[in-house]
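For reference, the structure is listed below as structure tokens.
Side-chain atoms are counted along with the backbone in the values below, which use heavy atoms only and exclude waters and symmetry mates.
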Amino acid sequence: MCKECGCGLGGDVNIGGHAHEHGHDHDHDHGHDHHDHVHEHHPEAEHGHGRQTVTLQRSLLEKNDRLAEQNRGFFRAKKLLVLNVVSSPGSGKTTFIRETAAKLAGRLRVGVIVGDLATDNDAARLRTAGIPVVQITTGTICHLDADMISKAAAKIDLDQVDVLVIENVGNLVCPADYDLGEDLRIVLLSVTEGEDKPLKYPPMFHSASVAVVTKTDMASAAGFDRKLALANLQRVSHHARIFELSSKTGEGMKAWLDFIEEQLAAVKKK
């Protein structure tokens with residue numbers, strides 16, 4: 001996982017057109033934290049009998065988790081439903097979010113935070129739905145974290161939004177570790193990806209509250225084994241609500257949209 005391999009350390013993160021350094025030589029609330037090392041020297045070391053070293057490692061995600069709770073409290077005070085949408089690249093996240101926003105128009109107001117390593121192409125596509133969108137360009141960083149979300153959310157008038165959707169970086173590994181302060185984590189599985197994706201990436205699929213099978217209009221052409229895919233999802237994401245839909249044709253979207261309205265109603269009652 002990201003906290004173990006050290007991928008994406010350092011680099012610039014651009015949030016809504018303003019870059020900030022994403023390094024480790026300042027006090028920055030991000031899950032990639034340096035290890036604390038305590039070296040304990042024993043008397044026998046002075047006599048050539050060796051030295052014992054005790055290493056203490058604090059949680060790499062401690063800062064991120066703290067800020068995520070701050071985000072969650074802020075969002076709840078605003079009565080927002082916050083969705084963290086995760087998947088591998090090419091699963092249809094952007095189209096899924098755009099069509100969700102378009103079909104909710106006149107019923108619910110949607111705002112989006114988009115994360116990508118480079119370009120603002122997805123943000124441009126989402127703006128065609130007439131919704132507020134903030135782009136986070138992460139550079140070499142393979143996930144979004146709670147600090148990035150806090151900064152990006154400040155660029156949206158949240159009093160004019162009912163549902164805040166976070167389109168995470170396309171990656172089924174590292175985003176699993178990072179709580180952003182969301183209400184629900186939504187993982188997408190495209191029919192073109194193969195039925196065994198949940199088995200290959202269990203931490204992500206197990207961490208999700210909702211699993212969405214996308215591009216169902218292509219299932220036949222892709223030779224998709226629906227029964228096997230659902231069995232794998234239920235094995236790894238047994239607690240998750242499962243939806244099957246096509247953003248392109250609209251098949252299955254009504255159940256998904258009704259679910260969002262139900263979840264928002266529950267948030268507003270808290």
Minimal non-hydrogen separation, Glu251 against Thr216, with atom names: OE1-OG1, 3.9 Å

Check: Asn232 side chain, Glu195 main-chain N or O, donor-acceptor pair, under 3.5 Å: yes

Nearest-0.5 Å distance that lies between atom CG in Asp162 and atom CG in Leu158: 11.0 Å

Lys93/Asp122 ion pair, N-O < 4.0 Å: no

Cluster check Leu264, Ile156: I/L/V/M/F/W/Y, side chain < 4.5 angstrom: no

Step-by-step side-chain contact (heavy atoms from CB on, under 4.5 Å) determination, Leu104 to Ile260: CA-CA 9 Å; Leu104 284 173; Ile260 290 179; 4.2 Å; yes

Non-hydrogen atoms of Val112 and Val114 that approach each other most closely: CG1-CG2, 3.7 Å

Gap between atom OG of Ser190 and atom CE of Met218 - 0.5 Å precision: 7.0 Å

Hydrophobic cluster membership, Val82 vs Phe259, 4.5 Å side-chain cutoff: no

Ring geometry between Trp256 and Phe96 (parallel below 30°, tilted from 30 to 60°, perpendicular above 60°): tilted

Pairwise side-chain contact, Pro198 with Leu189, heavy-atom cut-off 4.5 Å (strictly under): yes

Test item: Lys151 and Val134 side chains (from C-beta on) under 4.5 Å apart, heavy atoms: no

Short side-chain to backbone donor-acceptor contact, Arg241 and Ala211, under 3.5 Å: no

Any donor-acceptor pair under 3.5 Å from His239 side chain to Ser207 backbone: no

Path from Ile186 to Val163 over hydrophobic side-chain contacts below 4.5 Å: yes

Spacing of CD1 belonging to Ile136 relative to CG belonging to Asn14, to within rounding of 0.5 Å: 9.5 Å

Flag side-chain contact, heavy atom, 4.5 Å: Val187 against Tyr201: no

Audit row: Leu83, Gln263, side-chain contact (heavy atoms from CB on, under 4.5 Å) steps and yes/no: CA-CA 10 Å; Leu83 310 178; Gln263 293 300 307; over 6 Å; no

Val85 vs Ile97 side-chain heavy atoms within contact, under 4.5 Å: yes

Single-linkage hydrophobic cluster, 4.5 Å side-chain cutoff, Met253 and Val110 together: yes

Nearest atoms (heavy-atom pairs only) where Leu230 meets Glu244: CD1-OE2, 4.0 Å

Side-chain heavy-atom pair Tyr178, Ile149 within 4.5 angstrom cut-off: no

Under 3.5 Å donor-acceptor, Asp179 side chain and Asp65 backbone: no

Donor-acceptor contact below 3.5 Å, side chain Asn71 vs main chain Ala146: yes

Intermediate values then yes/no, side chain to side chain donor-acceptor pair (under 3.5 Å), Thr94 and Glu167: CA-CA 7 Å; Thr94 303; Glu167 181 180 346; 2.7 Å; yes

Expected output: side-chain Asp120 to main-chain Gln135 donor-acceptor under 3.5 Å: no

NZ/Lys254: more than 12 non-hydrogen atoms of other groups inside 6.0 Å: no

Single hit among Asn168, Val210, Val86, Ile166 for side chain to side chain contact (heavy atoms under 4.5 Å, CB included) with Arg185: Val86

Phe243 to Ala255 - nearest heavy-atom pair and separation: CE2-O, 3.5 Å

Leu180 side, atom CG; Asp147 side, atom CG - distance, nearest 0.5 Å: 11.0 Å

Thr214 vs Thr95, side-chain contact (heavy atoms from CB on, under 4.5 Å): CA-CA, chis, key distance, verdict: CA-CA 10 Å; Thr214 61; Thr95 301; over 6 Å; no

Evaluation steps, side-chain contact (heavy atoms from CB on, under 4.5 Å), between Arg107 and Leu257: CA-CA 10 Å; Arg107 297 157 63 184; Leu257 299 176; 4.2 Å; yes

Atom pair CG (Leu188) and OG (Ser91), whose distance is rounded to the nearest 0.5 Å: 4.5 Å

Same apolar cluster (I L V M F W Y, side chains within < 4.5 Å links), Leu228/Ile242: no

Arg76 vs Asp183 side-chain heavy atoms within contact, under 4.5 Å: yes

Check: Ala129 main-chain N/O paired with Arg98 side-chain donor or acceptor under 3.5 Å: no

Heavy-atom closest contact (Ile113 atom, Ala153 atom, distance): CD1-N, 3.9 Å

Lys197 side, atom NZ; Met204 side, atom CE - distance, nearest 0.5 Å: 11.5 Å

Validation row: Val213, Val191 side chains within 4.5 angstrom (heavy atoms): yes

His143 versus Cys174, closest heavy-atom pair with distance: ND1-CB, 4.0 Å

Any residue meeting side chain to side chain contact (heavy atoms under 4.5 Å, CB included) with Val169, in chain and number order, not counting sequence neighbours: Leu117, Thr138, Leu144

Any donor-acceptor pair under 3.5 Å from Ser88 side chain to Leu172 backbone: no

